[in-house]
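Below: the structure, in structure tokens.
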Amino acid sequence: MISLDFEILWGPRDHLPAGGGHYRANLLGVRHAVPAMLDLFTEFGTAATWATVGCLFAHDRDELESYYPRLRPEYADRALYPYNEPVGENERADPLHFAPSLIKLIQATPRQEIASHTFSHYYCLEPGQSKDAFRDDIASAVRIAKAHGVTLRSIVFPRNQWNPAYADVLLDAGITCYRGNQRGWMHRADTTQAAGRVDQRVGRLLDTYIPISGRKGIPWNEVARGNGLCDVPASRFLRAYAPNTRRLQRLQLRRIAASIRTAACEQSIYHLWWHPHNFGANTDENLDFLRQVLHVFRECQAQYGMESRTMIEVAELARARS
């Protein structure tokens with residue numbers, strides 16, 4: 001299983017200067033990376049779930065503002081507040097805040113699910129947010145997606161800030177599946193500040209290459225939860241290619257490949273995720289790495305009958321099994 005956090009500038013905006021600063025090339029590179037990934041998924045018959053920030057659906061600023069929720073979060077860290085974000089007139093003028101053309105391309109590609117990444121890249125654990133504001137945010141996400149022909153059934157929480165107190169909000173909105181956090185202390189749900197501690201960041205980096213967080217296959221009987229939701233937790237973050245870490249790519253591939261093969265042998269679930277903008281720079285190298293991962297999947301498909309599924313398909317299968 002593959003899920004992608006599709007957010008462009010709405011995700012990293014709080015720690016980047018206006019326009020993306022040094023990371024602008026990565027963000028603009030999404031325009032090339034998304035079609036290229038879709039071509040690879042089509043070639044390998046691979047399903048994927050695209051968790052999309054609701055703001056990206058809008059064609060222009062007027063449409064975007066018409067879906068703004070009535071109640072908005074009052075984050076203690078005002079850098080997180082998205083509603084003062086300067087946006088351009090439309091997708092052509094501002095490709096970092098609008099992406100309806102890319103969403104249409106995803107919709108037109110077989111085996112792809114468009115899921116929610118909340119409307120505004122909402123932070124469910126940050127001081128100043130509230131359940132009522134989250135409810136309004138999700139309502140806006142559902143409405144703008146529906147206007148563009150998408151019914152949201154799965155969600156990925158920004159910064160992986162899963163808040164179990166909000167389960168009923170999701171169910172009321174028709175969302176029944178979420179991506180839970182990877183196992184291991186370095187991946188636990190936390191505030192942005194806490195998750196950014198040196199020990200957490202170093203732990204996540206090392207876990208990319210060294211198996212310090214344990215087994216990554218997800219047993220089917222752990223997906224369906226007693227609250228009515230299905231938790232399909234992440235197994236691994238695919239860390240993008242960078243010239244200064246290129247020698248470590250072989251270690252990452254070995255780690256991912258071994259985990260995929262173990263999951264196939266055990267008939268458990270393996271869930272890989274990343275952001276499209278991670279592939280926005282060094283795109284050819286990243287696509288080559290993804291191709292190698294998909295070749296491992298194809299081998300396991302032939303040898304063990306491994307299948308590629310979207311998040312909501314896995315949730316439905318898990319319910320049927322239980």
Side-chain angles (χ1 to χ4, degrees), residues 1-5 26 29 33 36-49 156 160 179-188 195 198-220 222 232-311 314:
M1 185 167 50
I2 290 172
S3 61
L4 300 112
D5 297 14
N26 274 75
M37 283 188 282
L38 289 171
D39 286 344
L40 263 185
F41 293 156
T42 299
E43 178 184 343
F44 283 85
T46 308
T49 293
V156 170
N160 296 305
R179 188 183 75 202
N181 291 54
Q182 290 176 223
R183 306 308 186 223
W185 59 268
M186 70 289 292
H187 301 296
R188 65 175 178 264
V198 173
D199 62 330
Q200 295 277 79
R201 288 188 287 109
V202 171
R204 291 193 294 271
L205 177 63
L206 290 176
D207 196 38
T208 302
Y209 309 110
I210 306 169
I212 61 176
S213 64
R215 188 169 65 99
K216 291 298 178 183
I218 304 151
W220 282 92
E222 294 182 6
V232 191
S235 300
R236 172 72 45 222
F237 174 67
L238 193 159
R239 196 170 292 273
Y241 172 92
N244 61 340
T245 60
R246 65 185 184 277
R247 296 182 186 277
L248 295 175
Q249 286 294 86
R250 183 173 296 181
L251 287 177
Q252 180 179 203
L253 181 61
R254 185 184 304 166
R255 177 125 161 77
I256 291 173
S259 296
I260 292 175
R261 292 186 179 108
T262 297
C265 290
E266 296 176 344
Q267 297 187 20
S268 59
I269 303 162
Y270 188 78
H271 189 171
L272 194 64
W273 74 280
W274 67 94
H275 307 85
H277 62 244
N278 297 142
F279 280 28
N282 303 303
T283 304
D284 290 343
E285 291 85 354
N286 283 308
L287 290 171
D288 180 66
F289 187 88
L290 177 58
R291 177 178 289 278
Q292 293 179 72
V293 170
L294 295 179
H295 270 297
V296 175
F297 159 69
R298 179 172 281 177
E299 292 169 4
C300 290
Q301 187 180 42
Q303 187 171 359
Y304 302 107
M306 195 176 206
E307 297 179 348
S308 175
R309 298 282 185 170
T310 63
M311 281 178 57
V314 167

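All residue numbers refer to positions in the sequence shown, counting from 1. All values reported here derive from a predicted model rather than from experimental measurement.
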I want to check something: taking the side chain as every heavy atom from C-beta on, are [X] and [Y] in contact at a cut-off of under 4.5 Å?
X	Y	result
I256	Y270	yes
Q303	R261	no
N286	N278	no
I2	T46	yes

With distance as the sole test, does [X] use its side chain to make a donor-acceptor pair with the main-chain N or O of [Y] at under 3.5 Å?
X	Y	value
W274	F279	no
D5	H275	no
S235	H271	yes
N282	P243	no
Q252	R239	yes
T310	T49	no

Output the distance between atom [atom1] ([X]) and atom [atom2] ([Y]), rounded to the nearest 0.5 Å.
X	Y	atom1	atom2	value
T283	L290	OG1	CG	12.0 Å
I269	M306	CD1	CE	9.5 Å
Q292	R250	CD	CZ	9.0 Å
E299	I260	CD	CD1	10.0 Å
F297	F44	CZ	CZ	10.0 Å
S3	M311	OG	CE	6.0 Å

Give me the atom names and distance for the closest heavy-atom approach of [X] to [Y].
X	Y	result
S268	G217	OG-CA, 3.6 Å
G45	S308	O-CB, 4.2 Å
P276	A33	O-CB, 4.1 Å

Using 30° and 60° as the class limits, which term best fits the ring planes of W273 and F237: parallel, tilted or perpendicular?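 It falls in the tilted class, 30° to 60°.
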F289 and L238: CA distance, side-chain angles, deciding distance, side-chain contact (heavy atoms from CB on, under 4.5 Å) verdict: CA-CA 10 Å; F289 187 88; L238 193 159; 4.0 Å; yes
Tell me, with the steps shown, if V293 and R236 meet side-chain contact (heavy atoms from CB on, under 4.5 Å). CA-CA 12 Å; V293 170; R236 172 72 45 222; over 6 Å; no
For Q267, I'd like to know if atom CD has over 12 heavy atoms of other residues, nucleotides or ligands within 6.0 Å.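 Counting neighbours around CD of Q267, 12 or fewer heavy atoms of other residues, nucleotides or ligands fall under 6.0 Å, so no.
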